[in-house]
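Everything on this sheet refers to the single structure shown next.
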Amino acid sequence: MGLTLFPGDGDTSSPDVAWSYNGFAAFRQELARAEGFALSEMRGFGGDRPWSDVSTVLEPLLDRPDDGSGELSPSECAAILPRLEAIVDQWRTEVDLPRAHIDAAQQLTVVLRLCVSKDVELLFL
């Protein structure tokens, strides 16, 4: 079992990105680290730190259940996209970061870009 993120455009041939639940958790931990905090410190992830203590456009992607439900609006996708692209550029220079995270982040930017261009939600399944 796992999690798939895809555009809500009704087109089954649209690109998507998928992880195991553990893989998605590890991916989000790396994204949080890139934003300067540990996801494990945050409420909902074993810690007590409120999300109001951090400032990141990635919050809608990070602060969500792992069970594969919900969506991100086209405007949230548009806000996340530039920051995610910057993180991908940063990750390319990190020698000890798993290649799977870089590949997934690159694929997610493709999916986000499509959501923005088609003005559709990013769905979690």
Side-chain angles (χ1 to χ4, degrees):
M1 298 213 66
L3 176 71
T4 302
L5 281 61
F6 59 97
D9 60 1
D11 182 353
T12 57
S13 67
S14 288
D16 61 28
V17 59
W19 294 268
S20 67
Y21 289 121
N22 287 338
F24 186 59
F27 177 72
R28 290 191 302 171
Q29 289 168 2
E30 286 297 328
L31 286 176
R33 186 181 65 75
E35 292 293 81
F37 64 94
L39 196 58
S40 61
E41 297 174 347
M42 305 308 294
R43 283 191 188 139
F45 294 90
D48 293 327
R49 188 174 180 189
W51 282 93
S52 58
D53 278 3
V54 297
S55 176
T56 174
V57 297
L58 301 181
E59 183 179 346
L61 181 62
L62 296 174
D63 184 18
R64 60 180 315 106
D66 287 337
D67 64 1
S69 61
E71 68 279 325
L72 296 180
S73 71
S75 62
E76 288 172 317
C77 292
I80 290 169
L81 184 58
R83 181 61 189 133
L84 186 59
E85 289 172 330
I87 290 171
V88 168
D89 288 341
Q90 172 189 333
W91 282 358
R92 285 187 183 125
T93 65
E94 295 186 24
V95 292
D96 58 346
L97 187 80
R99 180 70 200 182
H101 291 328
I102 298 167
D103 293 343
Q106 289 175 312
Q107 186 61 30
L108 182 54
T109 63
V110 170
V111 175
L112 289 171
R113 199 172 292 113
L114 183 63
C115 289
V116 171
S117 70
K118 290 188 170 186
D119 196 33
V120 296
E121 295 175 326
L122 175 69
L123 301 178
F124 291 67
L125 179 67

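Computation of the quantities below employed the complete heavy-atom set of this structure, encompassing side-chain atoms and omitting hydrogens, waters and symmetry-equivalent molecules.
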- Note on the structure: Between Leu5 and the options Leu125, Leu72, Val17, the side chain to side chain contact (heavy atoms under 4.5 Å, CB included) test singles out Val17
- Message: With heavy-atom distances below 4.5 Å as the criterion, would you say the side chains of Gln106 and Arg92 are in contact?
- Response: yes
- Query: By salt bridge (Lys or Arg N to Asp or Glu O under 4.0 Å), which residues pair with Glu30, not counting sequence neighbours?
  - Reply: Arg33
- Message: Measuring only between side-chain heavy atoms, which start at C-beta, is Phe45 closer than 4.5 Å to Leu62?
- Response: no
- Is a side-chain donor or acceptor of Arg43 paired with a backbone partner of Asp48 at a separation under 3.5 angstrom? yes
- Task: Name all residues meeting the side-chain contact (heavy atoms from CB on, under 4.5 Å) criterion together with Ser117; count only those two or more places apart in sequence or in a different chain, and write none if there are none.
- Result: Leu114
- If you measure from OG1 on Thr56 to CG on Leu31, what distance do you get to the nearest 0.5 Å? 8.5 Å
- Message: Can you pull out every salt bridge (charged side-chain N to carboxylate O under 4.0 Å, His left out) where at least one residue sits in residues 9-20? Sequence neighbours excluded, please.
- Response: Asp9-Lys118
- Message: Contact between Thr12 and Phe6 at the side-chain level, heavy atoms closer than 4.5 Å - yes or no?
- Response: no
- Note on the structure: Rounded to the nearest 0.5 Å, the CG atom of Leu58 sits from the CD atom of Glu76 at a distance of 11.5 Å
- Scanning both residues in full, the closest heavy-atom pair of Thr4 with Ala18 reads OG1-CB, 3.7 Å
- Message: Side chains of Leu61 and Leu108, heavy atoms from C-beta outward: is any pair under 4.5 Å?
- Response: yes
- Query: Considering all heavy atoms of both residues, which atom of Trp91 and which atom of Ala105 are nearest to each other, and what is their separation?
  - Reply: CZ3-CB, 3.9 Å
- Minimal heavy-atom distance between Leu81 and Thr109, with the atoms involved, is CD1-O, 3.6 Å
- Determine whether Phe37 and Asp53 make a side-chain contact, defined as any pair of heavy atoms from C-beta on separated by less than 4.5 Å. no
- Can you name the closest pair of heavy atoms from Ala79 and Pro82 and give their distance? O-CD, 3.5 Å
- Message: Could you tell me if the side chain of Pro74 sits less than 4.5 Å from the side chain of Cys115, heavy atoms only?
- Response: no
- Message: Could you measure the distance from the CG atom of Asp63 to the CH2 atom of Trp51? Nearest 0.5 Å is fine.
- Response: 5.0 Å
- Query: So which heavy atom on Leu123 is nearest to which on Gly8, and how close?
  - Reply: CD1-CA, 3.6 Å
- In Å, rounded to the nearest 0.5 Å, how long is the span from CH2 of Trp19 to CD of Gln107? 9.0 Å
- Task: Starting at CZ of Phe27, measure out to CG of Leu39 and round the result to the nearest 0.5 Å.
- Result: 12.0 Å
- Return the minimal non-hydrogen interatomic distance between Phe124 and Glu71, and the atom names on each side. CD1-CA, 3.9 Å
- Item | Minimum side-chain heavy-atom gap Glu85-Arg113 below 4.5 Å | yes
- Item | Heavy-atom side-chain proximity of Val54 to Met42 below 4.5 angstrom | yes
- Hydrophobic cluster identity match, Leu84 and Val120, side-chain contacts under 4.5 Å: no
- Rounded distance [0.5 Å steps], NE2 in His101 versus CD1 in Ile87: 12.5 Å
